[in-house]
Amino acid sequence: MSNQAPNRARVIPLRPPAERPGIAATVPRTAPAPVPRPAPREPLWRDLVGDVLRRERQAQERTLKDVADAARISMPYLSEVERGRKEASSEVLAAAAHALGLSLGDLLARAQGELIRLSSRPSVRHSARSRTATSSYDGLCLAA
């Protein structure tokens, strides 16, 4: 047999001493610092377009399979586009729009309207430059 002392478990506290039972009376507790709220993120274009496609499809009471077949897009891919998980090409967006009876311009105009509506909320913070710059242009600009 060995003459070593038995192993003792080392306790590592998971909570600060002020929060452990029995210690709170000896250590003064301070109020927790407020957790800063993250700034709301601006919506992504793919989310807006996907929302418009999904709302229009549901308004027409059509299934994903029906629209995907009409647009010649795979059903899983159309689902991903509607959920904003895929950045669809203009050809795919045009095909999906046409399958729903919309033009590509209609689809993009609706997405732009949604972007304007969401961006005009007071919770979305604009940069100092965007607040001071004024523009009379209220159109849609797409860059390739």
Side-chain angles (χ1 to χ4, degrees), residues 4 6-144:
Q4 293 179 346
N7 288 336
R8 298 248 177 200
R10 196 171 105 201
V11 177
I12 301 172
L14 298 177
R15 291 185 233 158
E19 294 181 9
R20 282 186 274 170
I23 308 248
T26 60
V27 177
R29 185 177 174 125
T30 60
V35 177
R37 263 192 168 165
R41 67 180 189 110
E42 290 193 65
L44 298 176
W45 185 249
R46 66 177 184 245
D47 291 329
L48 297 170
V49 171
D51 288 344
V52 170
L53 286 171
R54 174 168 281 167
R55 274 197 311 270
E56 185 61 31
R57 179 180 59 78
Q58 290 174 340
Q60 294 179 15
E61 297 180 352
R62 294 175 66 186
T63 64
L64 262 173
K65 180 169 178 26
D66 176 39
V67 175
D69 288 346
R72 295 183 163 210
I73 305 169
S74 75
M75 190 175 67
Y77 189 74
L78 181 58
S79 174
E80 296 270 312
V81 170
E82 282 189 355
R83 290 183 287 143
R85 300 210 175 190
K86 294 289 181 187
E87 192 83 49
S89 68
S90 58
E91 291 87 359
V92 169
L93 293 178
H98 289 297
L100 292 167
L102 301 171
S103 69
L104 180 59
D106 293 334
L107 173 65
L108 299 181
R110 290 181 186 190
Q112 179 198 16
E114 189 69 13
L115 178 62
I116 290 169
R117 185 182 68 79
L118 292 173
S119 296
S120 65
R121 288 183 179 170
S123 64
V124 175
R125 297 191 179 177
H126 299 288
S127 68
R129 182 177 176 206
S130 67
R131 279 182 273 169
T132 58
T134 59
S135 173
S136 61
Y137 183 72
D138 190 25
L140 175 68
C141 178
L142 295 177

Any donor-acceptor pair under 3.5 Å from [X] side chain to [Y] backbone:
{"X": "Ser120", "Y": "Ile116", "answer": "yes"}
{"X": "Arg46", "Y": "Gly84", "answer": "yes"}
{"X": "Arg62", "Y": "Arg57", "answer": "no"}

Looking only at heavy atoms, what is the nearest atom pair of [X] and [Y], with distance?
{"X": "Arg83", "Y": "Asp47", "answer": "O-OD1, 4.0 Å"}
{"X": "Tyr77", "Y": "Lys86", "answer": "CE1-CG, 3.8 Å"}
{"X": "Leu48", "Y": "Ala111", "answer": "CD1-O, 4.0 Å"}
{"X": "Ser103", "Y": "Ala97", "answer": "O-CB, 3.8 Å"}

Glu56 and its side-chain contact (heavy atoms from CB on, under 4.5 Å) partner, picked from Val67, Leu107, Leu102 = Leu102
Any chance you could measure [X], atom [atom1], to [Y], atom [atom2], to the nearest 0.5 Å?
{"X": "Glu42", "Y": "Leu118", "atom1": "CD", "atom2": "CG", "value": "10.0 Å"}
{"X": "Leu78", "Y": "Arg54", "atom1": "CG", "atom2": "CZ", "value": "8.5 Å"}
{"X": "Lys65", "Y": "Ser74", "atom1": "NZ", "atom2": "OG", "value": "11.0 Å"}
{"X": "Met75", "Y": "Thr63", "atom1": "CE", "atom2": "OG1", "value": "8.0 Å"}
{"X": "Glu82", "Y": "Gln58", "atom1": "CD", "atom2": "CD", "value": "7.0 Å"}

query = So does Asp106 pair up with Arg110, basic N to acidic O under 4.0 Å?
reply = no
key: Residues, nucleotides or ligands: over 12 heavy atoms within 6.0 Å of Arg85 CZ   = no
